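Before any comments, here is the structure.
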Amino acid sequence: MSIKPLSGSNIVVDLVISAGFIITMESSGSVLTNHSVVIDQGRIIDILPNDAANKYAAKQHVHRPEHAILPGFVNAHGHSAMTLFRGLADDLALMDWLNHHIWPAEQRCVDSGFTMHGTELAIMEMIRSGTTTFCDQYFFPESAAKAAEKNFLRCRLNTPVLDFPSAWAQSADEYIDKGLALYEQYQSHPLISVALGPHAPYTVSDKPLIKIRDASEKHHIGIHMHLNETAHEVKEAVRLTGMRPIERLHQLGLLSERFQAVHMTQISDAEITRLSESGSQVIHCPESNLKLASGLCPVHRLQEAGINVALGTDGAASNNDLNMVSELRTASLIAKLVDHDATALPAYEALKLATINGATALGIDDEVGSVTIGKSADLISIDLSAPELQPLYNPVSQIVFSAGRENISDSWVAGKQLMNQRQLSFMDEGEIINNAKLWQQKIANIT
Ligand SMILES: [Zn+2]
């Protein structure tokens, strides 16, 4: 790294990153070799060959000759604060896990401090794993917003809505009102945005869903919801309402391009048509689905129907990590198994799920998701020089099928460097780990 302006240059810019490879994730699918990304005031203003980069006088010039630069990952679904429940209750089915372990623990433990410390732990892990945008859904989202703001990570907060009370709100109306107040508060924030996160069809009744639909239409904000996660959930919906959850949501008018359906392991051809016609988004969480034995999302079928599919880790209590590198590999591997077709979800398509498709699902693809002139400089650098990544025929293949999150060297959000060669720029690792240990003792004593 050098802060000395390059000789012979004339255009002063904040940052130039010169790399061995630039994986732009633009529709052409091209990988640029020996290119530089030029950044000023947080935005990408040029992409050009390394030997032409001296037309710019960089205040900072970062050289990553053995590395690939690519858009930071968009973790499109999670519950960050649940990192504090990581490993608390494993090897259980979804409803047993929720009813007998997670919901009782949440009733006893969750407050604003829990969300703050849990989200900070999650942010630390996510930066170290290449995530530059995370999409969250948890109680006390105002604390998650503060954690994201403090640590400069881009985030979408889907404020929770449930029919039953929690420490955060007493009624569905109160959940929605608090969510909309937070939306107003962060409406013009450069990194933080707020949408509504009704938990699931089986925990939110029609009246609040209609209110959520109206708020989404009025403010043009997203609706983020767990949907068709298990066969049991769909069967129960048919028993209680006479219809499958997607038909109910369709009749209530919730499905649109702003609707994000998380999981979708159970899906009929008619439901694929409903989602496709409405422009709804699907967020695939393969490792959580595997761990809870929920089922397998038919990614390839959804994509063939023109549905945008993004990728999320889900919470660390059901994964148990927030590692988008392993998540995109898992997505590719199980897509092949689901289709009995080794050509299903190839490496580049898997990487799209974790980058541009995530940005599209959240409606922020004009801002992030690809290395494109004009977009925010939300970038990561992956070191491809490690022995386990040799020889290097194809950097995309290497990232998806061979790399680990430990190979991610650097991270920038809006041009601000959050990690420099594995060193976090702003986070106090010792303090965050210590807070997690204190919560572990407290949770162990009261659960
Ligand atoms: Zn979830």
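Note that ligands are numbered from 1 as they come in the structure, with each ligand's atoms numbered from 1 the same way. Bear in mind the structure is a predicted one, so any value in this text is a computation, not a measurement.
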Stepwise side-chain contact (heavy atoms from CB on, under 4.5 Å) test for Arg154 and Glu367 = CA-CA 11 Å; Arg154 191 180 300 277; Glu367 186 70 2; 4.0 Å; yes
Does the pair His224 and His226 meet the rule for a ring-ring contact (aromatic ring centres under 6.0 Å, His included), with working shown?
-> CA-CA 7 Å; His224 185 88; His226 298 99; 7.3 Å; no
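Take the Zn ion (ligand 1) and draw a sphere of radius 2.8 Å; the protein N/O/S atoms inside it number 4.
Put simply, NZ on Lys416 and CZ on Phe426 are 4.5 Å apart, with the number rounded to the nearest 0.5 Å.
By the ring pair (Phe, Tyr, Trp, His ring centres under 6.0 Å) test, Tyr348 is found to be paired with no residue, residues two or more places apart in sequence or in another chain being considered.
Note: Phe114 and Phe85 have tilted aromatic rings, judged against thresholds of 30 and 60 degrees for the angle between ring planes.
Between the side chains of Glu327 and Asn75, no donor-acceptor pair is found at a separation under 3.5 Å.
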